[in-house]
Amino acid sequence: MRSGGGSVDLGRLAGAYGYRAEQAATGRAALAADAAHLSAGKVAIDIGGGTGTHTAVFAGRGARVFIVDLSPDMALRAQRSGHAVVVGDGAALPIASATVDLVYFHLSIHHGDPERWIAEAARVVRPGGMVWVWTLAPEHLRSSFLTRWFPSVAAIDEHRFPDPDRLAASMAESGLGMAEQSTHTERITRTAGSWVAAVGAGFVSTLHLLDPSEVASGVAAFTAAHPDPDEVVDYDIAYRRVSSTRPSLPS
């Protein structure tokens with residue numbers, strides 16, 4: 001994955017996962033678990049599931065859960081946390097057709113071909129099961145906290161992140177039902193020093209695509225504006241949920 005100054009290093013991203021401040025990630029996973037009625041005997045897969053934050057929520061409902069992730073480094077971290085993981089591509093899932101109750105994507109679908117990943121998700125989900133995608137809301141891409149300090153982020157993210165309406169259309173074209181959408185905003189609260197450390201670690205994949213000089217300039221501007229590393233900084237992330245249910249077989 002290349003754009004401008006670099007490429008996404010999934011190993012580096014895995015190492016920086018601890019810097020993420022997604023306080024409401026488990027809540028977003030719970031919304032999907034509720035909608036899919038996860039319980040004992042159900043099956044869920046988390047595509048690009050990272051270290052297993054969402055998987056733990058699904059497993060807590062009694063479901064059988066595993067992660068499919070492109071990154072061996074990310075997979076190893078999830079395995080160390082006790083999660084079942086397969087290193088693989090969302091476009092070619094090692095799963096039988098019509099066997100899964102929930103196929104879940106959380107800020108991962110932009111790491112592959114969204115249309116192919118949706119089509120593959122539709123293949124493996126059983127009748128009555130759900131495909132659930134969290135991506136960034138379109139209105140967020142040009143007003144995110146990162147764009148204040150790194151101007152190139154807006155254009156890169158608009159290119160990388162799929163149009164939610166196109167995701168909904170792909171779901172319909174793949175045989176799923178009419179997709180639903182909603183926007184959910186999360187307030188992030190962290191210290192200025194932790195944010196600088198997170199940027200240095202590459203905690204957001206788009207940062208990997210910037211010219212290093214832009215990263216350095218943005219960090220310098222942020223530090224000038226927030227010189228106290230213990231200062232509390234707040235910002236918002238707006239997510240768009242796109243989800244659909246595979247129609248049940250006629251009775």
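For the residue pair Thr189 and Asp234, a side-chain donor N or O sits within less than 3.5 Å of a side-chain acceptor on the partner. Under 3.5 Å, the side chains of Ser71 and Asp69 contain no donor-acceptor pair of N or O atoms. With no hydrogens or angles considered, no side-chain donor-acceptor pair links Arg77 and Thr51 at under 3.5 Å.
The CZ atom of Phe105 sits 5.0 Å away from atom CD1 of Ile118, with the distance rounded to the nearest 0.5 Å.
For the pair Ser244 (side chain) and Gly177 (backbone), a donor-acceptor distance under 3.5 Å is present. Using a distance-only test at 3.5 Å, with no hydrogens or angles considered, a donor-acceptor pair links the side chain of Thr223 to the main chain of Val219. Here the side chain of Thr206 pairs no donor or acceptor atom with the backbone of Asp157 at under 3.5 angstrom. Between the side chain of Gln181 and the main chain of Arg241, no donor-acceptor pair closer than 3.5 Å is present. Side-chain atoms of Arg246 come within 3.5 Å of backbone atoms of Val125 as a donor-acceptor pair (strictly under, hydrogens ignored). Using modelled atom types, one side-chain atom of Glu214 and one backbone atom of Ser152 make a donor-acceptor pair closer than 3.5 Å. In this structure, Asp89 contributes its side chain and Ala92 its backbone to no donor-acceptor pair below 3.5 Å. A donor-acceptor pair under 3.5 Å is absent between the side-chain atoms of Asp46 and the main chain of Ile67, judged by distance alone.
Exactly one residue among Trp195, Tyr235, Phe150 makes a ring pair (Phe, Tyr, Trp, His ring centres under 6.0 Å) with Phe222. That residue is Trp195.
Geometrically, Arg20 engages Tyr17 in a cation-pi contact defined by less than 6.0 Å to the ring centre and at most 45° from the axis. The cationic group of Arg28 lies under 6.0 Å from the six-membered ring centre of Tyr239 and within 45° of the ring axis, placing it in a cation-pi geometry.
Nearest heavy-atom pair, Asp73 versus Gly11, reported as atom, atom and distance to 0.1 Å: OD2-CA, 3.4 Å.
Remark: Arg123 CZ is packed, more than 12 non-hydrogen atoms of other residues, nucleotides or ligands lying under 6.0 Å away. Within a 6.0 Å sphere centred on OH of Tyr19, heavy atoms belonging to other residues, nucleotides or ligands number 12 at most. For Arg126, the CZ atom sits in a packed shell: over 12 heavy atoms of surrounding residues, nucleotides or ligands are nearer than 6.0 Å.
For Glu115, the salt bridge (Lys or Arg N to Asp or Glu O under 4.0 Å) partners are Arg166, not counting sequence neighbours. His37 pairs by the side-chain hydrogen bond (donor to acceptor under 3.5 Å, both in side chains) definition with nothing, not counting sequence neighbours.
Between His54 and Tyr104, the distance separating the two ring centers is shorter than 6.0 angstrom. Taking the six-membered ring for Trp, His184 and Trp134 have ring centres closer than 6.0 Å.
Cluster annotation: Ile237 is not connected to Val232 through the hydrophobic network of ILVMFWY side chains, with a link wherever side-chain heavy atoms come within less than 4.5 Å. Under the 4.5 Å side-chain contact rule for hydrophobic residues, Ile45 and Leu167 share a cluster.
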